Amino acid sequence: MATQFDIAIVGGAMAGATLALALANQRRPDGGSWTIALIEAHPAAAPSHPGYDSRAIALAEGSVRRLQRLGLWPALAPHAQPISQIQVSDSGHFGGLSMNADEYQVDALGQVVELERVGPALWQALARHDNVQLLCPDGLAELQQHQDHVSLTLNSGTTIKARLVVGADGTGSVVRQQLGLGLTRQPYGQHALIANISCERHPGIAFERFTSEGPLALLPMNEQRYSLVWVQQPEQAERRLALSDEAFLQALQKAFGYRLGRLTKVGQRAQYPLALCRAERTHHHRCVLVGNAAQTVHPIAGQGFNLGLRDVEALADRLQQALQNGADPGAFSLLADYSEQRADDRNMVTSGTDALVKLFSNPVRPLALGRNLGLFAMALFPDFKASLAKRAMGWHGGRPR
């Protein structure tokens with residue numbers, strides 16, 4: 001006999017785990033709570049878990065506030081490195097821009113967290129909630145929608161029922177595929193080469209440098225390290241992966257310069273192809289998509305998880321209201337309202353990120369001149385710069401509460 005849950009979340013990486021924790025903390029006036037199943041294909045926070053690998057992500061200041069509101073920040077804060085300043089520059093051109101936390105009366109413009117350290121913290125927090133059942137390692141084999149519930153058959157043969165299913169299972173979402181929801185995929189013909197770098201200086205500054213090959217970002221981490229995301233042509237990425245550590249550091253030093261002094265060490269390197277992916281719909285009968293299952297964006301502006309976190313917060317808010325009112329978590333009206341609320345932000349970030357990729361990955365001289373004039377203008381005019389800073393900090397629709 002299938003076990004009945006209120007909510008089943010498929011995917012236990014950052015989006016799925018943060019949503020599960022947010023929902024686990026919600027209570028009715030009588031003290032009741034949701035019953036939640038979290039289904040994850042990989043062993044919980046294992047060293048090989050692809051959702052918690054050696055990468056780091058930048059949490060915008062607004063995202064940190066959202067995590068605080070959801071009650072999740074205490075589990076992540078010990079593993080975070082504050083960003084005191086963001087520097088944007090264009091290799092070989094005069095345009096540049098600097099944003100400082102002091103200018104906007106915040107302690108930090110954002111925080112950088114290392115995923116392989118965050119994963120165990122999230123799963124340890126989840127294990128303390130008796131209203132969350134962790135089905136791990138296991139995966140979704142089949143999904144069947146019914147009028148008042150969804151039946152899920154897992155790879156292990158386990159069957160469960162849920163009134164709401166959340167697909168938080170990434171770009172290759174099995175939930176989305178099972179629902180037959182279309183995905184538009186626009187390859188960029190670029191790969192992101194990632195690694196952790198040690199350096200002589202560690203000023204707590206995040207760097208975004210645009211080169212003739214593509215953007216190069218360095219995010220401050222703890223232990224005198226920086227997280228590198230270096231976008232380039234696939235052939236160039238392959239060649240640089242094959243370099244010795246010393247030769248790779250020399251190539252990176254030449255592309256980035258000496259803002260961090262000498263680059264002294266590089267960790268394990270990896271690469272992955274980049275594409276803009278958008279689900280044609282983000283909800284279907286008693287099912288909804290969040291995070292990369294709904295949209296996957298280029299890392300040029302560090303918006304991927306921040307956008308997904310706003311999905312999580314919006315859905316959690318809707319479900320909190322439903323819990324308080326004794327309403328059905330899978331009701332069509334709830335999911336339709338969620339999707340409508342998220343549409344503008346989703347479209348703005350995916351379209352805006354796509355435009356940035358095309359502008360800053362294009363070496364054509366008039367475009368290069370235009371973008372550098374734009375950076376120069378934003379540096380000179382506070383209103384332009386403030387608008388960009390608010391976007392970078394995730395202050396969509398005003399400063400988060």
Side-chain angles (χ1 to χ4, degrees), residues 11-15 17 40-59 79 81 112-120 137 169-173 185 187-199 206-209 211 213-256 260 263-277 291-293 296-306 308 353 357 361:
M14 286 289 288
E40 170 53 42
H42 297 83
S48 60
H49 193 300
Y52 300 120
D53 57 21
S54 58
R55 290 176 298 170
I57 58 171
L59 297 172
H79 311 289
Q81 168 67 43
V112 179
V113 294
E114 192 173 359
L115 290 177
E116 67 179 3
R117 298 188 181 185
V118 168
D169 49 344
T171 306
S173 173
R185 188 175 189 277
Y188 285 117
Q190 297 175 324
H191 281 204
L193 195 158
I194 59 174
N196 294 335
I197 306 291
S198 296
C199 50
F207 298 93
E208 182 91 35
R209 184 157 176 79
T211 75
E213 298 177 38
L216 186 163
L218 280 164
L219 302 174
M221 300 169 62
N222 52 19
E223 300 174 2
Q224 201 76 7
R225 296 174 302 155
Y226 266 75
S227 174
L228 168 70
V229 180
W230 194 356
V231 175
Q232 50 202 272
Q233 296 299 310
E235 300 80 9
Q236 185 67 281
E238 288 287 351
R239 285 195 291 270
R240 286 181 172 143
L241 275 179
L243 292 174
S244 67
D245 287 356
E246 182 180 0
F248 178 82
L249 288 171
Q250 289 175 353
L252 177 59
Q253 191 92 67
K254 181 178 180 181
F256 179 70
L260 296 173
L263 306 180
T264 59
K265 185 178 179 181
V266 58
Q268 183 176 353
R269 285 165 269 163
Q271 64 167 328
Y272 59 94
L274 300 176
L276 172 62
C277 300
N292 283 349
T296 303
V297 299
H298 194 287
I300 189 171
Q303 289 297 307
F305 178 69
N306 294 291
T353 302
V357 173
S361 296

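Note that the coordinates shown come from a computational prediction; the quantities given were computed from them, not determined experimentally.
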Please give me the minimum heavy-atom distance between [X] and [Y], naming the atom from each residue.
| X | Y | value |
| --- | --- | --- |
| Ala217 | Glu208 | CB-OE1, 4.0 Å |
| Val231 | Pro299 | CG2-CG, 4.5 Å |
| Ala15 | Phe305 | N-CE1, 4.1 Å |
| Thr171 | Cys277 | CG2-SG, 3.9 Å |
| Ala270 | Leu241 | N-CD2, 3.9 Å |
| Pro187 | Ala275 | CA-CB, 3.7 Å |

Separation of [Y] [atom2] from [X] [atom1] (nearest 0.5 Å):
| X | Y | atom1 | atom2 | result |
| --- | --- | --- | --- | --- |
| Gln232 | Leu274 | CD | CG | 10.0 Å |
| Leu260 | Phe207 | CG | CZ | 4.5 Å |
| Leu219 | Tyr226 | CG | OH | 9.0 Å |
| Leu218 | Leu252 | CG | CG | 6.0 Å |
| Asn222 | Gln81 | CG | CD | 6.5 Å |
| Leu193 | Leu228 | CG | CG | 6.5 Å |

- Message: The test is side-chain contact (heavy atoms from CB on, under 4.5 Å); show your working for Asp245 and Arg269 and say whether it passes.
- Response: CA-CA 10 Å; Asp245 287 356; Arg269 285 165 269 163; 2.8 Å; yes
- Query: Sequence neighbours excluded, which residues qualify as side chain to side chain donor-acceptor pair (under 3.5 Å) partners of Asn306?
  - Reply: Ser63
- Message: Quick check on side chain to side chain contact (heavy atoms under 4.5 Å, CB included): which of Gln271, Arg240, His191 does Trp230 satisfy it with?
- Response: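 In the set Gln271, Arg240, His191, the residue that makes a side chain to side chain contact (heavy atoms under 4.5 Å, CB included) with Trp230 is Arg240.
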- Task: Measure from the side-chain N and O atoms of Ser198 to the backbone N and O of Thr264, and report whether any donor-acceptor pair falls under 3.5 Å.
- Result: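 It does not hold such a pair.
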- Item | side-chain contact (heavy atoms from CB on, under 4.5 Å) between Val297 and Leu276, worked out | CA-CA 5 Å; Val297 299; Leu276 172 62; 4.2 Å; yes
- Item | Derivation of the side-chain contact (heavy atoms from CB on, under 4.5 Å) call for Gln250 and Gln253 | CA-CA 5 Å; Gln250 289 175 353; Gln253 191 92 67; 5.6 Å; no
- Residues that Arg225 engages under salt bridge (Lys or Arg N to Asp or Glu O under 4.0 Å), provided they are two or more places apart: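 Applying salt bridge (Lys or Arg N to Asp or Glu O under 4.0 Å) to Arg225 gives Glu114, Glu223.
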